[in-house]
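Beneath this line is the structure, given in structure tokens, with notes to follow.
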Amino acid sequence: MKNLLKSRNTGLVLVLIILLIVARVVTPGMFTVGSMISMLQNNTVYALLAVGEMMVILTGGIDISIASQLAFVGITTTVLSTANPGVPGIVWVLVGILLGAVCGMINGALVGYLHMVPMICTLGTMYIFRGLAFVVSGGQWWFAADYLDSYRFWAITKIAGIPLLVWFTIIIMILAGLFLGYTAPGRRIYAIGTSRESSAVAGVKEPAVTFYAFVICGALSGFSGMMYTANYAIGYYGMAESFEMTAIAICVLGGVSITGGKGRMDGVAIGALIMAVVVYFISMIPGMSVWQKALQGGIIIVAVAINYFTERSAEKQALKERGALI
């Protein structure tokens, strides 16, 4: 019980419960089954982006191009699917993942092998991918009538009353948690984020690890792009602007250290739920939607502060325990 109370995730769960209670009092209509499923469905893209962003942040880097990757891949799969109506929808899911992985390879090569600063590098590719989205789209918009049922099937079809998009997100989060916690490549991501010098001495190849962390991030961004257009049945080059900030906020809120090396998938999952409740709660209150970005910015600042003081407290406790042994 003592360890449970010390757990950061316990605090996150308490915050989530408080938010749900407040939302229940202020907006009772939010708590119908349909509303809760809609809330999850409309926020799963943020969660998917956060899983990919987590991979990069754990290495000590950051990728601010993920929303532009989403737009580029989403527009590309939209254009290709409307031009080839006879192709099965699953093909466009795979194409989205592949295109996103290629975007991740570009970022991974620049950061991992050419040793560019992650933020500056991905700032540049952010504009490149957004520009490519405009070129591919030609400035055109796509709406519900333009999308085929086979394309949308993979996002909106329901199993046990829950859309496939939500099931995909749950499965991906579970697989990501297993990958990071129980595989050698996953542990290497933590290693270089914790100490590049120590991991190099241990034989961990930092460029390769950074490369595949970005590739995973890109693949998830590409998958999110295809699923975003399939879910909302809308596509335009400017879609998903600033989604990278929400993904980063979810990671930080979930306990991922912005300096790398620390963070768990379960914390990110809870952080995604909290952000989903906040976003949906705000949208249910008339006139409050204009405050959404401001609140997300405040959440980032508060979460970073909590992470900082938590880490400082843990370091002091460790030093105190060492002192007691001497």
Side-chain angles (χ1 to χ4, degrees), residues 33-34 36-56 63 66-67 69-78 80-81 87-104 147-181 183 186 213 215-235 239-240 243-244 246-247 250-251 254 264-277 279-280:
V33 174
M36 296 302 287
I37 292 176
S38 177
M39 179 189 75
L40 292 174
Q41 184 177 2
N42 290 329
N43 286 276
T44 46
V45 168
Y46 293 135
L48 288 170
L49 291 175
V51 175
E53 189 68 49
M54 178 188 184
M55 299 289 174
V56 175
D63 187 348
I66 53 175
Q69 292 177 44
L70 183 156
F72 167 58
V73 175
I75 285 295
T76 303
T77 54
T78 295
L80 292 175
S81 65
V87 177
I90 186 62
V91 171
W92 306 122
V93 177
L94 299 175
V95 168
I97 294 171
L98 179 60
L99 281 175
V102 171
C103 295
Y147 285 92
L148 302 170
D149 291 341
S150 60
Y151 185 91
R152 300 199 64 202
F153 173 87
W154 297 96
I156 63 174
T157 299
K158 293 183 178 181
I159 297 177
I162 299 175
L164 274 175
L165 180 53
V166 178
W167 286 116
F168 283 141
T169 304
I170 294 170
I171 293 169
I172 287 170
M173 283 188 160
I174 292 171
L175 292 176
L178 294 173
F179 169 75
L180 288 170
T183 70
V215 171
I216 294 171
C217 182
L220 288 173
S221 298
F223 179 70
S224 300
M226 187 276 165
M227 286 293 169
Y228 181 93
T229 52
N231 184 45
Y232 293 107
I234 189 170
M239 62 185 178
F243 275 30
E244 68 279 354
T246 303
I250 289 171
C251 288
R264 289 166 53 94
M265 193 67 249
D266 51 356
V268 172
I270 300 170
L273 285 173
I274 291 174
M275 190 63 72
V277 172
V279 171
Y280 196 68

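Numbers here are sequence positions counted from 1.
Proximity of Leu273 to Leu40: side-chain heavy atoms (C-beta onward) are separated by under 4.5 Å at one or more points. In this structure, the side chains of Arg264 and Leu180 stay at 4.5 Å or more apart for every pair of heavy atoms. Between Leu70 and Ile66, the closest side-chain pair of non-hydrogen atoms is not below 4.5 Å. Side-chain contact between Ser81 and Val87 is absent, with no heavy atoms from C-beta onward closer than 4.5 Å. Here the side chains of Met55 and Leu220 are not in contact, with every heavy-atom distance at 4.5 Å or above. Put simply, the side chain of Glu244 does not reach to within 4.5 Å of the side chain of Leu49, judged on heavy atoms.
Here CG of Leu99 is found 12.5 Å from CD1 of Ile75. Values are rounded to the nearest 0.5 Å. For the atom pair CD1 (Ile156) and OH (Tyr232), the distance works out to 13.0 Å, reported to the nearest 0.5 Å. To the nearest 0.5 angstrom, Asn43 atom CG is 9.5 Å from Met275 atom CE. Between Cys103 atom SG and Leu98 atom CG the span is 10.0 Å, to the nearest 0.5 Å. Taking OG1 of Thr78 as the start and CG of Leu148 as the end, the distance is 10.0 Å to the nearest 0.5 Å. Between the OH atom in Tyr151 and the CG atom in Leu80 there is a gap of 9.0 Å [rounded to 0.5 Å].
Here the side chain of Trp154 pairs no donor or acceptor atom with the backbone of Val93 at under 3.5 angstrom. Between the side chain of Thr76 and the main chain of Phe72, a donor-acceptor pair closer than 3.5 Å is present. Using modelled atom types, one side-chain atom of Glu53 and one backbone atom of Asp63 make a donor-acceptor pair closer than 3.5 Å. A donor-acceptor pair under 3.5 Å is absent between the side-chain atoms of Asn231 and the main chain of Met227, judged by distance alone.
Of all heavy-atom pairs between Ala272 and Ala47, the closest is CB-CB, 3.9 Å. The two residues Ala160 and Trp167 come nearest to each other via the heavy atoms CB-CZ2, 4.4 Å. The minimum heavy-atom distance linking Leu164 with Phe153 is given by the pair CD1-O, 3.7 Å. Counting all heavy atoms, side chain and backbone alike, Gly89 lies closest to Met226 at O-CE, 4.4 Å. Nearest heavy-atom pair across Ala230 and Ala155 is CB-CB, 3.7 Å. The two residues Ala176 and Met265 come nearest to each other via the heavy atoms CB-SD, 3.8 Å.
Taking the six-membered ring where tryptophan is involved, the planes of Tyr46 and Phe243 are tilted, since the angle between them lies from 30° to 60°.
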- Message: Would Thr183 and Leu178 count as a side-chain contact (heavy atoms from CB on, under 4.5 Å) here? Give the steps.
- Response: CA-CA 7 Å; Thr183 70; Leu178 294 173; over 6 Å; no
- After noting the C-alpha distance and the side-chain angles of Thr169 and Val51, does the key distance pass the side-chain contact (heavy atoms from CB on, under 4.5 Å) rule? CA-CA 9 Å; Thr169 304; Val51 175; over 6 Å; no
